[in-house]
Every structure is written in C-alpha cells, then in structure tokens.
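Structure first, commentary second.
Predicted model, so just to flag it, every value in this text is computed and none were measured.
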2 protein chains.
Amino acid sequence: MENSATSTPPVPSTSDRILDAAEDIFAEKGYSATSLGDVADRVGIRSPSLYNHFKNKEALYEAVLERLLEDFSAPLVELEGGPLTSERVFRWLETIVRQHHGNPNLARLLQHAALSGGPHTNELIDRLFRPMFESGADKIVGEGITLIENTGLQPWAVMAFNNLVMSYVTMAPMYRDLLGQDPFSEEALENQLKLIKTLLRAVFEYKGDTPL
Amino acid sequence: MENSATSTPPVPSTSDRILDAAEDIFAEKGYSATSLGDVADRVGIRSPSLYNHFKNKEALYEAVLERLLEDFSAPLVELEGGPLTSERVFRWLETIVRQHHGNPNLARLLQHAALSGGPHTNELIDRLFRPMFESGADKIVGEGITLIENTGLQPWAVMAFNNLVMSYVTMAPMYRDLLGQDPFSEEALENQLKLIKTLLRAVFEYKGDTPL
DNA sequence: TTAGGAGGCGCGATTATTCACATTGCCCCT
DNA sequence: AGGGGCAATGTGAATAATCGCGCCTCCTAA
C-alpha cells in the first residue's frame, strides 16, 4: 500500500511526498503541535486526502520514524564487526556527524520525543541507541583504547559524544545567531568535524592521572 | 500587582503558582503545544482566571522566561571579573551544570525554542549566550589557557561544552532508559560533573600536534 | 467500466479569549 | 461600629478558530 510494485525512480509518489513533508514538520514542531493541515498544504492537497495513504496521524508519524531509522542504520551496519581500532571509532563518529548534517530531522524528532514524549518514544530511543551499546562502543575497552574507561564513565562518555553531535543539529539556530554562519554549510560541517575529532583525540590521549 | 505589599515568605501568591505551573508545562511541551487549560488545572483554578494575572498566553510565557533568566544569571555574575585562571573556568562550568541540574526547565525551553521558534526566541538566545562570549569564555586565550585555541575553534568549543551540559538535561529520559538511573539523582550529578571535568581537563592538557 | 485518489462537507473536540457576574477583603466616611 | 464603595480574584457561558477524522461524491486513468 505504501510502495507500488512498479519502479518509481524519477517521480516521487504522493505517499513519499507526504512522508517528506510530514518529516520536516514533525521534526520542527513535534508530534502534537503538527497539524495535518500543514502537512497537506505543503504537499498541495487537502488534509482528508491524507487518509487515502495513511490510516491516521499516528500511523503517518510511525512511517516517518521507520523511514528515518532505516536511512540512518544503513551506513552504520557497514562499520560493525572487525577489530575496534581507534581509527574505526573516528570513522564511526564521522559517519554519524555527516548523517545528521545531511538530514537533521532524526535528531530533531528524537529531541522532541525526549522532551515531550509522544507515541513510540521509548521504542525510538531503543532502536537508535541500543546498538551503540551492544555491538560497537561498548567494546572499546582493550588494546589501548580506553575512552576514559579508568573513570568508570564509559557509557556516559559515549552518550556525551552523541549528544554533542545531535545537539549541534537541534541547536542549529543558535549557531546561526551567535556565529553568524550557516550551520549546514560545507564549511560549518568541516569545523564541526574538526572539533569533534579534536575532542575525541584529546580524550584518547588523556590519562586521567591528575585528580584536579 | 504581582506581589502584594504584605510579606509573602511562606505562602506563594497565585501569580507565582501560575508561573511555576506554566514553567513546567512550557518546558515540557513548548509554547504552542501548551494549553492554558492544563496550566490552570495544575494551579487548581479555571483558565479564564489566568487573565486576572497575565494579559495573555504570550505575556505568561514572557514572564516565565524573565524569571528563569534572572535566576540563572545571578550566580554567574559573581564569577565575572577577576583573572581567568583555569580554575575559574572549572568553577564556571560546574556552576552551570549544577544550575541546570537543579532546574532543567531553562534548557528545555531553550531547546524547544531552537527547534520550533516561538515568541522571543532570538532574544532568549542572545540573553543567555552573549555574556559568555563577551565577558567570560571569549577571553580565555592567554596565560596558558587555550581551549583548543590553536585550531581556531574557540567559540565552537565554548558552545560545544554548553550543549553538552544542556543536552544532558533535555535528553534526560534517554539517560533514564539506557543507563537505568535517575538522571537527576545526586549520584548522576556527580557522574556528570566528573565527565565534564574530565573532558575539559583533557582539552586543556591537549596539544593538537598530531593531525590524526 | 472500474477503482484509486482527490475534494467538499461537516461533526465533535479543543483552544485562546472575552464577558457578565458573584464573592471577598479592605479603606474610608459617617 | 457600621456600611458604602471598590479593587482583586474567582466563576460559567459564549465565541471564533483550529484540529483530527469520517463520509460521500466526482474525476480520471488504465
């Protein structure tokens, strides 16, 4: 029902255009503040017509989430498996930064969910972050890579770096205001990448001897 | 009009109770998704009675913002002036962490504003962050304190550390889910403080020689 | 000819806001 | 002491806008 069996490479179907519009508006306003009228307006149809493609508002929201989660998980599974060198950690972080830079909507949706709840919030959190703790970053201990392991704060550190990446996106207007630069320009991406890498390298090289 | 002439130490005025309720709900749902009925319900009055204390929804929102900004700016002005030692930077960060931990609502409100706009968003950003760039962290260059200054990323670094602190609060449900710990417990506060300090110390000690 | 998809209409709920009104406590005048 | 006025603060009813959503009709492409 959502995807016709025919190939649809050039012209996006109405369902996809609804998904695109809904994704943007859900990400901006959150679930409850989003009106289906706004979504329909952006697509160029009337709001009752949405019900020809999605059962109701919540189903539309679910479809938006599903598509986003698929898009984001794809490039990360490639990085799973193999030895956990520090270079792998850098590539993993850089991939995440580039993904959120390319499409900020997932971070925004997750931030809305964390603030206000809404349907499927816990499921969203689980599907986005459990993999990080099970198959990837959790195993970083060993062969010299510690990520502040000696302080017993490792999962906290992983979440901190993720928050760093996502808050850059959810706080983009702030960066625009205070730094006077388009936060989604190529130049800003490079700056953000440089900062994250510098921080990560500082943490890797740091030996927490001096207790302040 | 807001404060009766009598001393009001023990019993909060209705206006204050409205402000308390509105602050919580605005912080949770954002401006547009907040209904005055919900606010009135929490106070224990009917929504038309709100208009005896505030002109309209936007004025109530402004009052909430004003009170929050005052509460947060007070402890920080004490840290202004004087030599910019690294110890001062640590105290400044620790103060901010403790403030947001004690009342997460400002961070949540700011996050909603950054995501969805709403009234006075730009003014909010300015009043919260301009001081950091003018009187405090911007002058950190000198006397050995560099904060990754050699990479030309100093303002970015300042905002990154702030995002780190605020996203901990706006993402609190995530921490609760994934770490199985109340993110606002004393124990969690200590963990968060330790992590932030460790990161900051790593950055201070780091000399960006090796280019990855 | 037939079925999918778009539009029109409208119901019921919720929202911010206004208004007329009741109640209360306080000041001041007698 | 008593009472008239008055400001402050509460209420229910009413209004206009908006929302999600269901029903039904019409158009059009295969």
Side-chain angles (χ1 to χ4, degrees), chain A residues 1-8 10-65 112 116-120, chain B residues 1-8 10-65 112 116-120:
Chain A
M1 188 177 291
E2 291 165 5
N3 278 333
S4 59
T6 71
S7 66
T8 55
V11 48
S13 69
T14 304
S15 293
D16 287 339
R17 285 169 47 229
I18 293 174
L19 280 177
D20 292 339
E23 181 186 304
D24 285 344
I25 303 182
F26 277 132
E28 180 187 333
K29 313 205 186 187
Y31 178 77
S32 66
T34 292
S35 89
L36 296 185
D38 289 347
V39 176
D41 280 353
R42 184 174 303 204
V43 179
I45 60 179
R46 303 291 149 215
S47 65
S49 302
L50 297 177
Y51 289 83
N52 292 322
H53 303 269
F54 299 93
K55 179 172 159 289
N56 53 24
K57 185 180 180 179
E58 187 173 337
L60 175 56
Y61 182 72
E62 286 171 21
V64 166
L65 281 188
H112 274 296
S116 314
H120 312 288
Chain B
M1 188 176 290
E2 291 166 4
N3 279 335
S4 59
T6 72
S7 66
T8 56
V11 48
S13 68
T14 303
S15 292
D16 286 340
R17 284 170 46 230
I18 294 174
L19 280 177
D20 291 340
E23 181 186 305
D24 284 345
I25 302 182
F26 277 133
E28 181 187 334
K29 313 204 188 189
Y31 178 78
S32 64
T34 292
S35 91
L36 295 185
D38 289 347
V39 176
D41 280 352
R42 183 174 307 203
V43 178
I45 60 180
R46 306 288 153 218
S47 62
S49 304
L50 298 178
Y51 289 82
N52 289 323
H53 303 270
F54 300 93
K55 180 171 158 288
N56 53 25
K57 185 180 179 179
E58 186 173 337
L60 174 58
Y61 183 72
E62 286 171 20
V64 166
L65 282 188
H112 274 296
S116 315
H120 313 288

Could you please name the option among [options] that lies closest to any side-chain atom of [X]?
X        : options                  : result
Ile45(A) : dG10(D), dG22(D), dA6(C) : dA6(C)
Thr14(A) : dG10(D), dT15(C), dA6(C) : dA6(C)
Pro48(B) : dG12(D), dC9(C), dA16(C) : dG12(D)
Tyr51(A) : dA16(C), dA6(C), dC21(D) : dC21(D)

Starting at atom [atom1] of [X], determine the distance to atom [atom2] of [N], rounded to an integer number of angstrom.
X        : N       : atom1 : atom2 : result
Leu50(B) : dC19(C) : CG    : C1'   : 16 Å
Phe54(A) : dA6(C)  : CZ    : C1'   : 15 Å
Leu36(A) : dC21(D) : CG    : P     : 6 Å
Ile18(A) : dA6(C)  : CD1   : C1'   : 11 Å
Arg46(A) : dG20(D) : CZ    : P     : 15 Å
Leu60(B) : dT15(C) : CG    : P     : 15 Å
Lys57(B) : dT18(D) : NZ    : C1'   : 12 Å
Asn56(B) : dA16(C) : CG    : C1'   : 9 Å

Counting just side-chain N and O atoms, does [X] come under 4.0 Å of either OP1 or OP2 of [N]?
X        : N       : value
His53(A) : dA6(C)  : yes
Ser35(B) : dT15(C) : yes
Ser49(B) : dT11(D) : yes

Closest non-hydrogen contact found for Ala21(B) with Val39(B) is CB-O, 4.1 Å

For His112(A) and Gly30(A) the tightest heavy-atom approach is NE2-N, 3.4 Å

Check: residues 44-51 of chain A side-chain donor-acceptor pairs under 3.5 Å, at least two apart:
none

### Electrostatic pair Arg42(A)-Asp20(A), nearest N-O below 4.0 angstrom
no

- Query: So does Asn52(B) reach the base of dG10(D) with its side chain, donor to acceptor, closer than 3.5 Å?
  - Reply: yes

Q) Any side-chain heavy-atom pair from Lys29(B) and Asp38(B) closer than 4.5 angstrom? A) yes

Hey, does Thr34(A) reach any base, or is it just sugar-phosphate, or nothing, if we go heavy atoms under 4.0 Å? sugar-phosphate

